[in-house]
Amino acid sequence: MGIRLYNTLSGEKEELHTLEPGKVRFYACGPTVYNLFHIGNGRMFVIFDTVRRYLEYRGYAVRYVQNFTDVDDRIIHRANETGDSVREVANRYIEAYFEDADKLHIQRAVVHPRVTECIPDIIRFIEELIDKGHAYEEAGTVYFDTSTFADYGKLSHQSLDSMQAGFRVDVLDEKHDATDFALWKAAKAGEEFWESPWGPGRPGWHIECSVMNEKYLGEQIDIHAGGRDLVFPHHENEIAQTEAKTGKTFARYWLHNGTLNINGEKMSKSTGNFIMTRDLLERRDARALRLFLLSAHYRHPLNYTEEALDHWENALARVDRALKNLSFRADSIQAAPQFLSVHGDVRRETERAIEAIRAAFIRVMDDDFNTAEGISVMFDAVRQANLALEDNVTLGDVTAWKDIVLEFLDVLGIGSPEHDVDVAEVYIQSLIEERAQARKNRDFVTSDKIRDELLAKGIVIEDTPQGTRWSKA
RNA sequence: GGUGCCAUAGCCAAGUGGUAAGGCAGAGGUCUGCAAAACCUCCAUCGCCGGUUCAAAUCCGGCUGGCGCCUCCA
């Protein structure tokens with residue numbers, strides 16, 4: 001059995017069959033760069049970065065494309081507020097995106113296209129839609145005619161009729177129908193604009209993604225991902241534009257992540273209840289934040305609380321301690337060449353245990369990228385590794401256990417703990433040796449004094465049969 | 001009005017027909033000079049009511065509570 005993933009289009013889990021065997025064409029909606037991104041946005045980026053990592057882990061070559069929306073009303077507003085140019089605002093927040101994304105270990109896409117780089121392609125795309133009778137122009141603005149696309153509503157599972165009778169129908173103005181949407185917007189006075197066959201203007205919101213997909217991935221792609229709140233209208237409109245133009249199925253699989261909530265409500269830029277990822281990272285550990293973001297299934301809502309972050313910081317510390325203790329054991333084996341028996345390769349039983357645990361990880365992650373279960377398997381690996389340390393394990397065993405935990409951390413994008421080497425290390429080592437001597441003499445007053453001194457400096461001492469190890473508190 | 005989702009221990013969160021993963025917190029134990037870390041054990045019958053079934057947290061119906069979307073939103 002291969003990878004199964006929930007497809008919003010069908011409303012069911014489906015087995016992954018890509019257009020080209022072994023290759024995945026993957027498009028994820030990127031940020032509109034008028035501000036920093038909040039942790040709700042961050043959740044989306046982390047989730048699909050993890051999906052990408054997992055697909056690669058399973059042997060797929062993933063062509064991952066994520067756009068920057070750098071043409072938008074909100075960017076214009078922002079520029080007016082700050083007195084900067086629209087381009088300055090966009091560039092600043094593109095840079096800021098990379099800074100924050102890097103901290104969350106979100107890998108760069110293969111291409112990060114920007115709307116402003118695709119204007120001629122967008123114009124050509126719209127011209128073709130007009131030629132094919134799917135779009136019309138009114139006073140310099142071009143609208144997509146939803147009545148010409150029979151499948152309109154297939155992603156959000158709503159009928160045109162029900163939408164037209166909808167709750168929040170806006171004024172028809174020059175549109176033929178309330179569900180029609182702008183492909184090209186006529187420029188208002190003083191706004192940034194590009195020349196087009198319909199006069200000066202700028203692209204509408206949805207067209208960019210259709211165009212970038214076609215330009216960088218082709219007319220048909222495998223996976224298209226974004227937040228739940230993009231299903232309608234954004235992704236619905238993308239399907240309409242692309243499929244109306246090509247007559248082919250656009251994306252085979254539509255993946256949508258659940259919202260990140262705060263106080264039980266969606267974290268949202270428009271309502272003001274959000275926490276910027278950048279602000280949070282100033283006081284919180286990025287790896288623990290990433291673990292938290294992956295701790296629930298990606299399609300479910302996840303509630304943000306400070307307590308939850310405390311929880312995952314503690315949980316991650318358990319993983320890091322295990323890694324540290326495995327390293328300590330490996331070092332102590334290597335430092336004691338006289339004990340030949342533990343210098344051996346990984347033993348058969350260890351290999352088998354690790355194979356079983358890797359298989360378990362793949363089994364749960366294959367099932368719609370169930371990272372919550374994947375994390376649970378990782379903790380099982382940690383428990384077994386700790387258990388192994390109570391035994392006379394070989395160097396090969398220790399290394400193998402360490403590697404499997406690191407393998408899971410890598411797939412989840414959490415990565416290894418920082419290796420905290422600093423100049424104080426020599427000093428700490430000397431105190432530890434002094435203490436060891438005192439303990440040998442059963443001078444526990446001195447040994448405890450040294451331990452307390454170190455503790456006061458944030459250094460925790462732990463005695464093991466292989467000697468004393470230390471870590472930062 | 002339309003449409004979709006959720007409700008599992010003190011907390012977080014998997015599981016979606018075969019008798020409740022994992023983590024955090026808590027209790028007891030082992031190990032230790034004492035600790036720490038680690039390991040072991042303990043800690044839920046799955047919102048409510050009814051139905052289907054040999055068997056339901058898992059399927060169906062109803063109810064209650066919460067949330068998303070219906071052209072700003074990841």
Side-chain angles (χ1 to χ4, degrees), chain A residues 8 11 28-32 37-48 72-74 153 156-159 161-170 178-182 204-206 225-234 236-237 256-261 264-271 274 291-292 295-297 299-303 305 307-308 310-316 318-319 321-322 324-325 328 360 364 367 370-380 382-383 385-390 439 442-444 447-448 451 455 460-465 468-471 473:
Chain A
T8 305
C29 279
T32 300
F37 66 85
H38 60 65
I39 55 176
N41 303 315
R43 184 184 186 203
M44 183 253 162
F45 303 143
V46 163
I47 283 167
F48 295 115
D72 182 87
D73 283 344
R74 290 163 296 172
S156 52
H157 305 288
Q158 302 213 39
S159 68
D161 289 346
S162 71
M163 281 185 271
Q164 282 157 346
F167 200 56
R168 223 199 316 176
V169 202
D170 56 359
T179 57
D180 291 350
F181 55 91
W205 174 34
H206 315 293
R228 268 235 84 77
D229 44 10
L230 293 187
V231 172
F232 192 90
H234 186 55
E236 194 71 70
N237 291 349
H256 293 101
N257 64 284
T259 54
L260 185 84
N261 297 340
E265 290 196 345
K266 188 176 92 164
M267 186 173 285
S268 164
K269 283 178 181 170
S270 52
T271 53
F274 58 83
L291 191 56
F292 161 67
S295 68
H297 186 93
R299 284 190 283 115
H300 292 187
L302 176 64
N303 201 41
T305 61
E307 292 71 31
D310 290 342
H311 170 139
W312 288 105
E313 279 178 11
N314 289 339
L316 183 59
R318 175 175 160 81
V319 179
R321 273 196 305 272
K324 200 153 194 166
N325 296 346
F328 179 80
V364 299
D367 184 9
N370 196 332
T371 52
E373 291 252 41
I375 288 167
S376 154
V377 172
M378 178 175 74
F379 275 98
D380 192 33
V382 166
R383 202 193 93 259
N386 283 330
L387 207 51
L389 282 179
E390 307 224 318
R439 291 179 74 221
R442 305 194 66 77
D443 177 5
F444 297 123
S447 70
D448 286 355
R451 182 167 62 188
L455 189 61
V460 177
I461 294 298
E462 293 166 357
D463 298 322
T464 78
T468 301
R469 64 190 182 209
W470 64 273
S471 58

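As a basis for the values below, the full set of heavy atoms in this structure was taken, side chains included, without hydrogen atoms, waters or symmetry mates. A, B, ... follow the sequence lines: proteins, then strands. Residue 1 opens every chain. The structure displayed is predicted, hence computed values, not measured ones.
As judged by a 4.0 angstrom heavy-atom cut-off over every strand, S447(A) is placed among the base-contacting residues. No engagement by H256(A) is indicated, since no non-hydrogen atom pair under 4.0 Å with the nucleic acid exists. Within the 4.0 angstrom heavy-atom criterion, base atoms lie near I461(A). Residue contacts shown for R321(A) are limited to sugar-phosphate atoms, with no base heavy atom under 4.0 Å away. Counting non-hydrogen atoms under 4.0 angstrom, G42(A) reaches nothing in the nucleic acid. The residue S295(A) sits close only to the backbone: its heavy atoms come under 4.0 Å of sugar-phosphate atoms, none of a base. Among the protein residues, N257(A) comes within range of the nucleic acid bases, having at least one heavy atom under 4.0 Å from a base atom.
The aromatic ring of F444(A) sits over the base of rG33(B), with ring centres less than 5.5 Å apart and planes inclined by under 30°. A stacking contact links H311(A) to rG23(B): the aromatic ring centre lies within less than 5.5 Å of the base's six-membered ring centre, and the planes differ by less than 30°.
Between N325(A) and rA38(B) there is no side-chain N or O to OP1 or OP2 distance below 4.0 Å. In this model, the phosphate group of rA38(B) is approached by a side-chain N or O of R318(A) to a distance below 4.0 Å at OP1 or OP2. Proximity of W205(A) to the phosphate of rC73(B): a side-chain N or O atom is located under 4.0 Å from OP1 or OP2. Under 4.0 angstrom from either OP1 or OP2 of rC70(B) there lies no side-chain N or O belonging to H157(A). Neither OP1 nor OP2 of rA37(B) sits under 4.0 Å from any side-chain N or O of K324(A). Taking 4.0 angstrom as the limit, R383(A) places a side-chain polar atom (N or O) nearer than this to OP1 or OP2 of rC40(B).
With rA14(B), rA35(B), rA38(B) as the candidates, the nucleotide lying closest to the side chain of H297(A) is rA14(B).
With C1' as the reference atom, rC34(B) and rC24(B) are 27 Å apart, rounded to whole Å. As rounded to the nearest Å, rA20(B) and rC43(B) have P atoms that lie 12 Å from one another. To the nearest whole angstrom, the two P atoms, one in rC5(B) and one in rA37(B), are 45 Å apart.
If you measure from atom CG of N237(A) to atom C1' of rC73(B), you get 14 Å, rounded to the nearest angstrom. Residue N303(A) contributes atom CG, which lies 13 Å from atom C1' of rC6(B) at whole-angstrom precision. Rounded to whole angstrom, the span from the CE atom of M267(A) across to the C1' atom of rC72(B) amounts to 17 Å.
The aromatic rings of W205(A) and H234(A) sit parallel to each other, their planes meeting at less than 30°, with 60° as the upper class boundary. Between W312(A) and F379(A), the ring-plane angle classifies as tilted under the 30° and 60° cut-offs.
Remark: rA36(B) base-pairs with no nucleotide in the shown strands. Criterion, Watson-Crick or G-U wobble with two distances under 3.5 Å. Pair assignment for rU41(B): rA27(B), on the basis of Watson-Crick or G-U wobble contacts that are both within less than 3.5 Å.
Taking the nucleotide of RNA chain B with the nearest heavy atom to each of L387(A) and I375(A), the more 5' of the two is matched to I375(A).
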